[in-house]
Protein chains: 2
Amino acid sequence: MAITIKDIAKRANVSTATVSRVINGIGGYGSDTRNRVLAAAQELGYYKNETATSLVTNKTKTIGIIIPNVSTSFYGNIVTGIEDVAYDFGYSVILTHAGVEGNRLFDSLKLMVNRRVDGIIIVSIYLNKEQQQMIRKLGVPTILLSTISEGNRLPYIKVDDYAASYHATQYLVNQGHQKIGLAGVNQNDQVAGQPRLAGYRDCLEKNQILRDEALIFFGDFSFDAGKRAMDYYMTHELPTALVCASDDTALGIISMAHQYKILVPEQLSVIGYDDTSVAWMTTPPLTTIAQPFYEMGALGCKRLIESVTTNQEIRSEIIPFELMERQTVLQRSNNPKS
Amino acid sequence: MAITIKDIAKRANVSTATVSRVINGIGGYGSDTRNRVLAAAQELGYYKNETATSLVTNKTKTIGIIIPNVSTSFYGNIVTGIEDVAYDFGYSVILTHAGVEGNRLFDSLKLMVNRRVDGIIIVSIYLNKEQQQMIRKLGVPTILLSTISEGNRLPYIKVDDYAASYHATQYLVNQGHQKIGLAGVNQNDQVAGQPRLAGYRDCLEKNQILRDEALIFFGDFSFDAGKRAMDYYMTHELPTALVCASDDTALGIISMAHQYKILVPEQLSVIGYDDTSVAWMTTPPLTTIAQPFYEMGALGCKRLIESVTTNQEIRSEIIPFELMERQTVLQRSNNPKS
DNA sequence: TTGTAAGCGTTATCAT
DNA sequence: ATGATAACGCTTACAA
């Protein structure tokens, strides 16, 4: 079977305790024994059994990620961020996706606890009161990324969706738009949908632009939602600018606009949300609200590990968004004031 | 501390052995004891400590994924595929990225071994002889996804890059193109670059189209490589159609073509590779070679777990690609024979 | 500086 | 059907 510290101990003529010490660099041994042990380990091709270590130290140096699905580049960046800092701190990352609707969430949590992860990161899954309480009862440090829990009892890191949506809308207003639509947000979604809807509405109101509910088309943040939205606008009332729920939705809009021979941005300005890689790779490149996914993952992981090691509670943080001005919004100079 | 089977044993008036039996559903106990134990576990809020189990069973029910970086939707789909079947088999997935150049590969492997994963999946990292040998020495079942190892000693699942490239080129030929370029492949890349170059060249040769090295622009599969390629073609010789190293590269081409006022596909046909989400979301949607990423992940994981449980060697497999005809290649009917 | 030995939470063998 | 108990590979008092 695999080499153990016993084998090393034998070969180096020391006790297993000493082997353990030098392997962990604890100190308390002569430099010659140190060398003997290291040499023996080397020669035998020793790999430490971390599961044994975990059992006695009651730490796994592992953090668990629960994510709706990993397929979007969106999540990929978050995971990369997490993994990078985990790596720096000597932690491993165990990943599970909880299904689109967050079913499997319970299973995922159970898995994490069974594996005795030191901390849990939950990405983009809204937690209701029951789930929130269950998680707190687990006693495992947990942080939410790009989502919140009912009552906000669990620490989170996310962008201010309300402010971002407001900002996007205001940007459009500043370019002279009066007829501004909102496409693709899910109004049942407390995390992103509702705040963005509110930000959009409040901005229009503040700018004394009359509210036109017909300019709002709800959806599920998808590409297809964008396509359906555009269909809808064509048969109802076409805005001059559109705040979209996501980059995917924005691209759906653009795709359909193309079919209807509506020029973007000349006839229709479009602003996305997320700044996924599609945003800058598409032609014309998409003006969008950038969420710092990588940073979110990295910061979240950092905070979590800090909490694991210091036992301090994690404080929620709002992380800044950024408007990426590209080419799907008509610039003011060319824009006919309505 | 956390609840252990001892606690349950005490409360249910049985031995820990019995608790273990019922928890694992081994059989060999009365249904009343079973109920008592289960009830006790429930009441105490017991979570099994899998690290302890791993220590004695010498199995972790964990498989490790090593991936260059998780950021591309590309990898996200593979990971999702892996995770889905891992979940079905009751396995967890531990993830690490090995850096773009596969530096950190050694560290990643070491981490996997230390954690005593039951199997390893390496994605998109070419393994040289030394690395290949090291991995075999590890004695951990390993499978390669979308890559190979020097000498092909490690089992892999991938698309036939040569055939795919040949197919893409032939498709362009069939549409009447004679001046066909190749953009963005890395000729030092033995996994994807070289076979695709060969497929492209052989196809042209078979069709008796004279070879024009000036139509080949090497790169690194990136968006930027596409942009540079287009710059190059504009100042040298513009083909009528382009086989691209990736969807990203194709989009770079299209982006730059737009700036040069070259119409796609009217003046320049473009075919991508991968069929990432950008491919179908962009306007016009990209004609491209689809690699079945999700399936690759799922199948790879399945084969690996089979191998873990049966101790059989994994057999390498070629998985089919598919040409997705969309709108960046001019159809024959409209295409002026040159 | 080094060794002895008790545990960590399970599983699994061997009795009963 | 159930219970003792010895492992599993490591860490960590406590001794020496």
Side-chain angles (χ1 to χ4, degrees), chain A residues 1-38 40-41 44-62 90 110-118 139, chain B residues 1-38 40-41 44-62 90 92 110-111 113-118 139:
Chain A
M1 281 274 48
I3 308 299
T4 74
I5 53 171
K6 269 188 196 163
D7 302 312
I8 299 180
K10 204 167 293 177
R11 186 180 247 257
N13 266 311
V14 293
S15 70
T16 59
T18 298
V19 174
S20 178
R21 289 190 190 99
V22 350
I23 278 172
N24 293 299
I26 302 292
Y29 40 77
S31 74
D32 50 332
T33 35
R34 192 191 102 98
N35 291 144
R36 283 212 318 284
V37 169
L38 255 24
L44 294 172
Y46 172 73
Y47 288 92
K48 184 175 179 180
N49 187 331
E50 299 273 10
T51 71
T53 304
S54 294
L55 188 56
V56 26
T57 60
N58 207 25
K59 299 200 169 325
T60 52
K61 287 278 214 164
T62 299
K110 193 172 151 197
L111 180 143
M112 297 301 178
V113 180
N114 288 348
R115 295 289 208 245
R116 294 296 191 270
V117 297
D118 295 335
Chain B
M1 279 279 43
I3 308 301
T4 73
I5 52 172
K6 271 188 196 164
D7 303 312
I8 299 179
K10 203 168 293 178
R11 186 181 246 259
N13 268 312
V14 294
S15 71
T16 58
T18 299
V19 175
S20 178
R21 289 191 190 98
V22 351
I23 279 172
N24 293 299
I26 303 293
Y29 39 77
S31 75
D32 52 332
T33 35
R34 193 192 100 101
N35 293 143
R36 284 212 316 286
V37 168
L38 255 23
L44 294 172
Y46 172 73
Y47 288 92
K48 183 174 179 181
N49 187 331
E50 300 272 11
T51 70
T53 304
S54 294
L55 186 56
V56 28
T57 60
N58 206 23
K59 300 204 170 322
T60 52
K61 286 275 212 170
T62 299
S92 322
K110 193 173 150 194
L111 180 143
V113 180
N114 288 347
R115 295 290 208 246
R116 294 297 190 269
V117 297
D118 295 335

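Hydrogens, waters and symmetry mates are skipped; everything else that's a heavy atom, side chains included, is used. Each chain gets a letter, A, B and so on, in the order its sequence line appears, and its residues count up from 1.
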| task | Considering non-hydrogen atoms only, spot the tightest contact between B/Asp118 and B/Lys59 and give its length. | result | OD1-CA, 3.6 Å
| So, B/Arg116 side chain and B/Ser54 main chain: donor-acceptor pair closer than 3.5 Å or not? | no
| Is a donor on one side and an acceptor on the other found under 3.5 Å between the side chain of B/Asn114 and the backbone of A/Glu50? | no
| Proximity to DNA chain D (any heavy atom under 4.0 Å), residues of residues 26-35 of chain B only | B/Gly28, B/Tyr29, B/Gly30, B/Thr33
| message | Measuring only between side-chain heavy atoms, which start at C-beta, is B/Thr33 closer than 4.5 Å to B/Val22? | response | no
| said: Does any part of the side chain of A/Arg115, heavy atoms only, come nearer than 4.5 Å to the side chain of A/Lys110, both counted from C-beta? | reply: no
| query | Whole Å only: how far is the NZ atom of A/Lys59 from the C1' atom of D/dT11? | reply | 13 Å
| remark: note: B/Asn114, atom CG; D/dG9, atom P; distance rounded to Å ~ 14 Å
| field | Angle between terminal axes - the helix from C/dT1-D/dA16 to C/dT16-D/dA1, 5 pairs each end, rounded to 10° | value | 40°
| task | Rounded off to whole Å, could you give me the NZ-to-C1' distance for the A/Lys10 and D/dG9 pair? | result | 14 Å
| task | Shoot me the first and last contacting nucleotide of DNA chain C against chain B, ordered 5' to 3', at under 4.0 angstrom to non-hydrogen atoms. | result | C/dG9 to C/dT13
| message | Looking at B/Thr16, is its backbone amide N or carbonyl O close enough to the side chain of B/Thr18 to form a donor-acceptor pair, meaning the two atoms are under 3.5 Å apart? | response | no
| query | Would a distance-only check, ignoring hydrogens and angles, find a side-chain to backbone donor-acceptor pair under 3.5 Å from B/Arg21 to B/Ile26? | reply | no
| field | Residues in contact with DNA chain D, drawn from residues 2-9 of chain B - heavy-atom cutoff 4.0 Å | value | none
| query | What's the shortest heavy-atom distance between B/Ala9 and B/Ser15, and which atoms? | reply | CB-C, 3.8 Å
| message | With heavy-atom distances below 4.5 Å as the criterion, would you say the side chains of A/Ser20 and A/Ile23 are in contact? | response | no
| query | Is there a side-chain contact between B/Val37 and B/Ile8, using heavy atoms and a 4.5 Å cut-off? | reply | yes
| said: Short of 4.0 Å, heavy atom to strand atom, which residues of residues 45-55 of chain A count as contacting DNA chain C? | reply: A/Leu55
| message | B/Lys48 vs B/Asn24, test: side chain to side chain contact (heavy atoms under 4.5 Å, CB included). Steps then yes/no. | response | CA-CA 10 Å; B/Lys48 183 174 179 181; B/Asn24 293 299; 2.8 Å; yes
| If we only count heavy atoms from C-beta on, is the B/Tyr46 to B/Asp7 side-chain gap below 4.5 Å? | no
| request: Could you walk me through whether A/Leu55 and A/Thr51 pass side chain to side chain contact (heavy atoms under 4.5 Å, CB included), step by step? | output: CA-CA 6 Å; A/Leu55 188 56; A/Thr51 71; over 6 Å; no
| query | In residues 13-23 of chain A, which residues come under 4.0 Å of DNA chain D by heavy atom? | reply | A/Ala17, A/Ser20, A/Arg21
| said: Applying a 4.0 Å non-hydrogen cut-off, can you work out what B/Asn58 is touching in the nucleic acid: base, sugar-phosphate, or nothing? | reply: nothing
